[in-house]
S.K.: 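Have a look at this one.
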Amino acid sequence: MERENFGSKLGAVLAAAGSAVGLGNVWRFPIETGQNGGAAFIIIYILCILLLGLPIMISEFLIGRHTHANTAGAFRIISNGSPWKWVGRMGVFSGWFILCYYVVVGAWTMHYTFLSATNAFDDVPAQQYEDIFNNFVANPWLPTLWLFLFIGVIHFVITQGVRSGIEKSAKLMMPTLFIITIFLAICSVSLPGASRGIEFLLKPDWSKVTSTTVLDAMGQAFYSLSLAMGCLCTYASYFDKKTPLAKSAVNVATIDTLIAIMAGFIIFPSVFNIGMNPNDVGVGAGLTFVSLPNVFQQALGDGSILAVIFSTLFYFLLFVAALTSAISLHEVATAYVTEEFKMSRKKGATLVTVTILVLGTLCSLSFGPLSNVKLFDRNIFSLFDDFSGRFLLPLGGMLISIFAGWILDRKLYHDEISNNGDLKAPYFKLLVASLRYIAPFAIGLVFLDQLGMFDFIKK
Ligand code: PHE
């Protein structure tokens, strides 16, 4: 069967940006920025993107586009069947593994969009938001229902194919996401007292920067750019020979960073508006599903139409961001099973979907009926989250940089990024230097940090 391609360069960039822009941009980046010295953190983060993130992203693009195969196939072909092929297989596994818990949060965003749209937060006392969230996730049925719906949407898009499914949906969803983000940021910034939120976010405070800040920035950059999960490699396998790899990577990273910064402009001005301490709003789920619904109601008028619109759009934004990322993760596994086991796309996608339904449900139930099932003191959800984020992600990133920097043929690398001499690549030497020396070393540090090796310094 003929392998599909993205129909346009714009479609290719939007699809990859859809993978990158996800929950991480909204529920982690703004808080990390606020707590780690504002603009100082942003500057360090951007340096991490430039020095580490982009070289690895370009390498993933290159391996995918050169081989036009799923990530496992791509690494097998490009490494001539040497043991480096395992890096590709690991990428497929990591993407699939992350998807199992990512869909659970995607489902929560749907529920909160629904609650916001039906004005369910009207008149809710501040201390009750935590109960609302805890009761919801502990319920055996409701989160599972949303989970099936969320996975159903992913499945639908994937079975439509690369062009009519992934590319078309990205072309629709990414502009929607930009517009909502800009609208919400403008609304939040025009609230009374917003300037303190803006200051909190943008004033560089270098005194807060420590070695941990740098490690956090690196970890966040990798997660946010969707590195080492097979996503970028798989999407790039649908790029055509004329797609400029480095330029596309720069575009994806720029979109991802801008959305993350704008998410900060949505969150902090509202938080300061109601006089809340930004250190008390929490991170991740606590921030998103406990603090923010309350912040929005109070900042915009409890039960007011403005609060309904703002809150609904915010959770819808999260939903879209999570959906496009989840689609990219599903595609990694779908491309793998369809190509490696010679199945039709429909069959392959269904197989992947069934496994996600089962494991996603287990992750989802780990907040309720399965909350007692624990390993290493973590529930099933946290096991999936921590193992993929703390272990698979840095390990994969390090192996990709070593492979691209030390093993991959330099001429092949240069030919690919210059599109066989059509484009200039003045950054080539820096790129190779980063892949050979800077990235493996820096990621090695993140890796050790994630495993808790530096905890004694942080105390
Ligand atoms: N980049 C996504 C985010 O910021 C998460 C993700 C990681 C998606 C890896 C796909 C692969 O939320």
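Counting starts at 1 for both ligands and their atoms, following the listed order.
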S.K.: Can you tell which of Glu167, Glu4, His68, Glu331 makes a side chain to side chain donor-acceptor pair (under 3.5 Å) with Tyr238?
M.R.: Glu331
S.K.: How long is the gap from CZ on Phe183 to CG on Leu313, to the nearest 0.5 Å?
M.R.: 6.0 Å
S.K.: Give me each pair satisfying side-chain hydrogen bond (donor to acceptor under 3.5 Å, both in side chains) with a member in residues 34-52, each pair once, sequence neighbours excluded.
M.R.: none
S.K.: With a 4.0 Å heavy-atom cut-off, what residues sit around ligand 1?
M.R.: Ser19, Ala20, Gly22, Leu23, Gly24, Asn25, Tyr102, Tyr223, Ser224, Ser226, Met229, Cys231, Ser325, Leu329
S.K.: Is it true that a side-chain atom of Arg345 and a backbone atom of Thr338 form a donor plus acceptor pair closer than 3.5 Å?
M.R.: no
S.K.: Just by distance, do the side chain of Arg28 and the backbone of Gly284 share a donor-acceptor pair under 3.5 Å?
M.R.: no
S.K.: Would you call the rings of Phe114 and Trp146 parallel, tilted or perpendicular, taking 30° and 60° as the class edges?
M.R.: tilted
